[in-house]
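Please read the structure below before turning to the comments.
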Amino acid sequence: MMIAVVEAIEECRLAAITAEFPGECGLEMLKGCLEDEAQGWSDQKFQTWFEGMELKYGQRSPLGISMISLYRSVMKVIKTCDRHLKIEQTYQ
C-alpha cells in the first residue's frame, strides 16, 4: 500500500522540478493539498495558503509555468494515488 504513496511523493517533487520550481515546492504543494482535502479548508484559508505558496516560490517558474498549473498536476497525482490505494486494498 505504501508504494502508491511513495510514488505520489516522488511524482509531486518531479512535477515541480520539471516545471522549474524547487522540488520542495512540489512536496509542500502535496502537503497543502492533502491538508485541504482532509480538513475541508474554507475558500479563504485555501486562498491564504495558495498566495503564501506564490509568495514563497513565485507565481510562475523560470519556464513560465504557473503555480496553479503545478497545483493541478499535484491534484492529478493525488487522485491517481487514491485510485491505486483503493485497488491495492481490494487485492490484499
Side chain to side chain, [X] and [Y], heavy atoms closer than 4.5 Å:
{"X": "I78", "Y": "L34", "result": "yes"}
{"X": "M67", "Y": "Q59", "result": "no"}
{"X": "C25", "Y": "M53", "result": "yes"}
{"X": "D36", "Y": "W49", "result": "no"}
{"X": "F50", "Y": "K45", "result": "no"}
{"X": "C12", "Y": "M29", "result": "no"}
{"X": "I9", "Y": "R13", "result": "no"}

Atom [atom1] in [X], atom [atom2] in [Y]: separation rounded to 0.5 Å?
{"X": "E10", "Y": "L27", "atom1": "CD", "atom2": "CG", "answer": "8.0 Å"}
{"X": "L63", "Y": "S61", "atom1": "CG", "atom2": "OG", "answer": "4.5 Å"}
{"X": "Q47", "Y": "E54", "atom1": "CD", "atom2": "CD", "answer": "8.0 Å"}
{"X": "L70", "Y": "E20", "atom1": "CG", "atom2": "CD", "answer": "12.5 Å"}

Closest non-hydrogen atom pair, A16 against G26:
CB-N, 3.4 Å
Shortest non-hydrogen contact from V74 to C33?
CG1-SG, 4.0 Å
Same cluster or not: I68 versus I17, using hydrophobic residues (I, L, V, M, F, W, Y) connected whenever any side-chain heavy atoms lie under 4.5 Å apart?
no
Which label fits F46 and Y71: parallel for a plane angle under 30°, tilted from 30 to 60°, or perpendicular past 60°?
perpendicular
Taking A15's backbone N and O only, do any of them form a donor-acceptor pair with S73's side chain (distance below 3.5 Å, no angle check)?
no
Side-chain donor or acceptor of S69 paired with backbone N/O of I65 under 3.5 Å
no
Pairing donors with acceptors under 3.5 angstrom, does anything connect the side chains of E28 and Y57?
yes
